[in-house]
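Following: one structure in C-alpha cells, then a few remarks.
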Number of protein chains: 2
Amino acid sequence: MTDTTVRTGGAPTLHDVAREAGVSLATASRVLNGSTRKVAEAYRERVQAAADRLGYTANLSAQAIARGTSATVALLVADIADPYFGQIASGVAHAADEAGLIVTIAMTERDPQREVALVRALRGQRPRGIVLAASRDTASDADALTAEIASVQSTGGRVVTLGAALPGTRVVAYENEAGARALAGKLTALGYRDAVVLAGPEGLRTSDDRLAGFTAGFADGGGATPRIVRGQISRDAGYEATARLLEEGLGPGTLLFGISDVVAIGAISAIRDAGRAPGSDIAVAGFDDIATGRDVTPGLTTVHLPLEELGAQALRAAVEDDWTPPAPVSLEVLVRDSTPPRQ
Amino acid sequence: MTDTTVRTGGAPTLHDVAREAGVSLATASRVLNGSTRKVAEAYRERVQAAADRLGYTANLSAQAIARGTSATVALLVADIADPYFGQIASGVAHAADEAGLIVTIAMTERDPQREVALVRALRGQRPRGIVLAASRDTASDADALTAEIASVQSTGGRVVTLGAALPGTRVVAYENEAGARALAGKLTALGYRDAVVLAGPEGLRTSDDRLAGFTAGFADGGGATPRIVRGQISRDAGYEATARLLEEGLGPGTLLFGISDVVAIGAISAIRDAGRAPGSDIAVAGFDDIATGRDVTPGLTTVHLPLEELGAQALRAAVEDDWTPPAPVSLEVLVRDSTPPRQ
DNA sequence: CACGCCCGACCGGATCGGAGT
DNA sequence: CACTCCGATCCGGTCGGGCGT
C-alpha cells in the first residue's frame, strides 16, 4: 500500500508527504504550512496523516530560501559564560521562543575585529535581526563595523544594539550615566569621599558612560576626583587590579567602583584574600545587579538592571515592524552591605 | 559600465557576482566557496573583485539545501542564565567557532515536554548535530524524546548528550557518582556525620547519580544516612529548601550537600540570612565548581568539573565523523572553607 | 589529450495562474 | 460561476558532464 521505497538519505520531504497522501506538492505545502488559500477538509486530513506517519518536519533552510526570509535572529555577546550576558541571552531566547524564532549565538571574546568578522559571517544566515550586546562604540574598527551593519540592513535585517547606541541601529538603551550618577550620589551621602573606579578599556561606551556619570555624581556629592584604573571587564581583571591597588596601599574607607558587577565581585575577593575587610574597610560597589551579587558577602551595592527584560526588549526591537524606541529603562540603586555608612 | 540596475530587494546573490564578473554561475561558485576543481587565476581575481565590490556573502540556507548539509549545531540547555549552562555553552560556542559552525540555542526551562518539542523544532534546521545538555533520563516523556532523537539521527544528525547518557546517542560523560562519592569521603574524613542532600527532582539522572554516590560514600565513611530534600536545581530552590530546614531546626555541624553549586550557594545565603554561620555552624558543599563558588564566603567546597572543556568535547562529538568516546573526565574534589574540619 | 569554463539538473519548498468539476 | 487542486516557475546555491581551445 504505502510506498516502501527505501528513502535514500535524509529526512522526509514535502514531496514524500505529497506522494504518500496522493496530492500535489502545492496542496501539501498549504496544509502543512500556513497559507491564505483553503484546502478541503478531506485533503487536509490525508496530508496531515501522511506527514505524521512520515514524521515530516519542514526544512527551515528551504523555507527561508523560498520565502525570502529566515526565522532566525543572531545574538552577539562578549562571552556567554559571563552572567551579565547570560541573563541577557536568557531574555532574548525567551522572547524569541515566544515569537517562534530561532536564536543563533556567537561570542566576540571582546575582540572588536572578531565582532566585525562575526557580523559578516552572521550575515550569511540572512537573519531577521542581529542583536549586538557586546559592542563598543569609539573603537578603531568602528567604520568596518558600520559597513557590515549597513550590509545587514540592506538585506532587510534589523540591527539592534543593547546598551551602547550604534549609528543607524535600533537601540535598547538604559541610563548608564544617570544610574552611575545616582549611585555616586547615594555613596557620597553615606560618607564616601575617596574612590577608585575600576573601568573598562577606553572607548567602550558602556564603561565610558558609567565612568562619566559616577565621576560627576561623586563630585556633586562632595567627593574627591576618583582615580581611574582600566582593565578588562571580567571578574579576574577586577581581582588583579584590586590586588595591585592593595599592594600599593589603599586607605580604609576607600570606595572601589567596579564598572560592572563582575569586576566588583573580583574586587571583593581580592580584598578578602589580602586580609582586609570588604565593606567596612574597603567598600565596593558595582553595576548591573547580576544574580551573584546577592550571594557574595557582603552583599554587593549596585545599580539594578532588568537584564532579562532588556534582552527581551532587544529581541522585539529586532523583529517588530512597528517599533518605537521605548523610554530607556530607568535604573534603581541597591545599597547593600558592601558600602556601609561611613561614620 | 557596471550594472546600475537598482537591486530589487535583498543581498547580492551569486548571480549578481557572476554577472558583474562576467563569468558563469558555476565558476563564481567555485572560486567563492571551496571546490576540488580549479579555476584560472585571472578568473579567480575577477570574481573576487566583483564579490568584494558587491559585498557578497553566501546565503547559508541556500548552501545548506544545495549541499544537503547545514553548518549548524543546536544546543539545548535548561536555562542559559544558569552559570552551569553558561560555561558549557561557552565551551560549545568556542569549539563551534573553530570548526566554522554556527550554534543555535534553545532553553527547555526544565520542562521535559518542552524538551521534546524543541528537539522536534530544531530538527527543522537539519543540524549537523544536537547537544542535549539539559536532559533527564527516566522521564515520563522518555519515549517521545527517544523517538525524536531517532528522527534526527535518521536525517544524518548526530545527537550527543552531556552528562546523562541517552540511549543511542554519543555521550560526553563525567563521573557524577564517583565524584560525589569522593566528595562524601573527604567530608566524612573531616568529621561530618550528619547530612542533608538538597537533590533535584527524582528521575533527573545527574541528580540521581550524585545522590547515589554521595549516599554511598557518606555511609562508607561512617556517616549517617542522609536525609533527602528534593526541589528544583536552582539558587532560589536551594535557598527556600534551606530556609525551611532551618525553621524546622538543624543542629550545628550538619552538612548540606547541594546537588549542584547553584543550589549550594542558595543554601549558604539562606543560612546567613537566618543568622547562622555557613561553614562553622552549618557546612555546605556543592558540585560543578562554577566560577561563583570562589567568590562566595566561605568559599564553596565542591567537585571540579571542566565545564567549558566538556562543552567543547560535546561539540566535537556532535560533528566529528570518527569519534571515539573519550574516557570520562575524572573529577577533583576541592575542599574550601564552607566545610571546615569538625573537631 | 589536458585543462578549465559553461550549461543544466537538482536540492526542498512557496506561490501564482490556470484548469477541472 | 464558485471552489479548490495541480503544474510550473522561482528562490540561491552546488556539482557533474560536456565541450571549446
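Within every chain, numbering begins at 1; the chains are lettered A, B, ... in the order of the sequence lines, protein sequences first and strands thereafter.
- B/Arg126 meets the salt bridge (Lys or Arg N to Asp or Glu O under 4.0 Å) test with no other residue; sequence neighbours excluded.
- Note on A/Tyr56: a side-chain N or O is less than 4.0 Å away from OP1 or OP2 of C/dG13.
- If you check every strand for non-hydrogen atoms under 4.0 Å, B/Ala26 touches a base.
- Between A/Leu32 atom CG and C/dA14 atom C1' there is a gap of 13 Å when expressed in whole angstrom units.
- An OP1 or OP2 oxygen of C/dA14 is reached within less than 4.0 angstrom by a side-chain nitrogen or oxygen of A/Ser29.
- At whole-Å resolution of the value, CZ in B/Arg19 and P in D/dG12 are 11 Å apart.
- Heavy atoms of other residues, nucleotides or ligands lying less than 6.0 angstrom from CD of A/Gln153 number more than 12.
- A heavy-atom distance below 4.0 Å to DNA chain D is reached by these residues of residues 58-71 of chain A, ordered by number: A/Ile65, A/Ala66.
- Among residues two or more places apart in sequence or in another chain, the salt bridge (Lys or Arg N to Asp or Glu O under 4.0 Å) test is passed with A/Glu148 by A/Arg120, A/Arg123.
- Of the candidates D/dG12, D/dC6, D/dC15, the closest approach to any side-chain atom of B/His15 belongs to D/dG12.
- Residues satisfying the side chain to side chain contact (heavy atoms under 4.5 Å, CB included) criterion with A/Arg44, sequence neighbours excluded, are A/Val31, A/Val39, A/Glu41.
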Can you give me the N/O atom pairs linking the protein to nucleotides 17-21 of chain C at distances under 3.5 Å, or say none if there are none?
from, atom 1, to, atom 2, distance (Å)
C/dG17, N7, A/Arg37, NH2, 3.4
C/dG17, O6, A/Arg37, NH1, 3.1
C/dG17, O6, A/Arg37, NH2, 3.4

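- Straight-line distance from the NZ atom of B/Lys38 to the C1' atom of D/dC15: 18 Å, rounded to whole Å.
- In the helix from C/dA2-D/dT21 to C/dT21-D/dA2, the end axes, each obtained as the rotation axis mapping the C1' atoms of four pairs onto the next four within a five-pair block, lie 50° apart to the nearest 10 degrees.
- At whole-Å resolution of the value, OH in A/Tyr43 and P in D/dC3 are 17 Å apart.
- Rounding to whole angstrom units, CG of residue B/Leu25 and P of C/dG8 are separated by 12 Å.
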Let me have the donor-acceptor pairs involving side chains of residues 76-88 of chain A, under 3.5 Å, with sequence neighbours excluded, atom names and distances please.
from, atom 1, to, atom 2, distance (Å)
A/Asp79, OD1, A/Ala81, N, 2.9
A/Asp79, OD1, B/Ser90, OG, 3.2
A/Asp82, OD1, A/Tyr84, N, 2.8
A/Asp82, OD2, A/Arg110, NH2, 3.2
A/Tyr84, OH, A/Tyr174, OH, 2.8
A/Gln87, OE1, A/Ala291, N, 3.3

Please set out all donor-acceptor pairs under 3.5 angstrom arising from side-chain atoms of residues 310-323 of chain B, sequence neighbours excluded.
from, atom 1, to, atom 2, distance (Å)
B/Gln313, NE2, B/Glu309, OE2, 3.3
B/Asp321, OD1, B/Arg158, NH2, 2.9

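- For the salt bridge (charged side-chain N to carboxylate O under 4.0 Å, His left out) condition, no pair includes a residue of residues 62-78 of chain B, sequence neighbours left out.
- In this structure, B/Arg128 has no salt bridge (Lys or Arg N to Asp or Glu O under 4.0 Å) partners at least two apart in sequence or on a different chain.
- The phosphate of D/dC5 has neither OP1 nor OP2 within less than 4.0 Å of any side-chain N or O from A/Thr27.
- Remark: A/Arg126 in residues 119-128 of chain A come within less than 4.0 Å of DNA chain D through at least one heavy atom.
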Distance-only donor-acceptor hits, side chain of residues 93-100 of chain A, under 3.5 Å, sequence neighbours excluded:
from, atom 1, to, atom 2, distance (Å)
A/His94, ND1, B/Glu109, OE2, 2.9
A/Asp97, OD1, B/Arg114, NH2, 3.4
A/Asp97, OD2, B/Arg114, NH1, 3.0

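- Side-chain proximity of B/Ser24 to C/dC5, C/dC6, D/dC6: nearest is C/dC6.
- The side chain of B/Asn33 contributes an N or O atom lying less than 4.0 Å from OP1 or OP2 of D/dT14.
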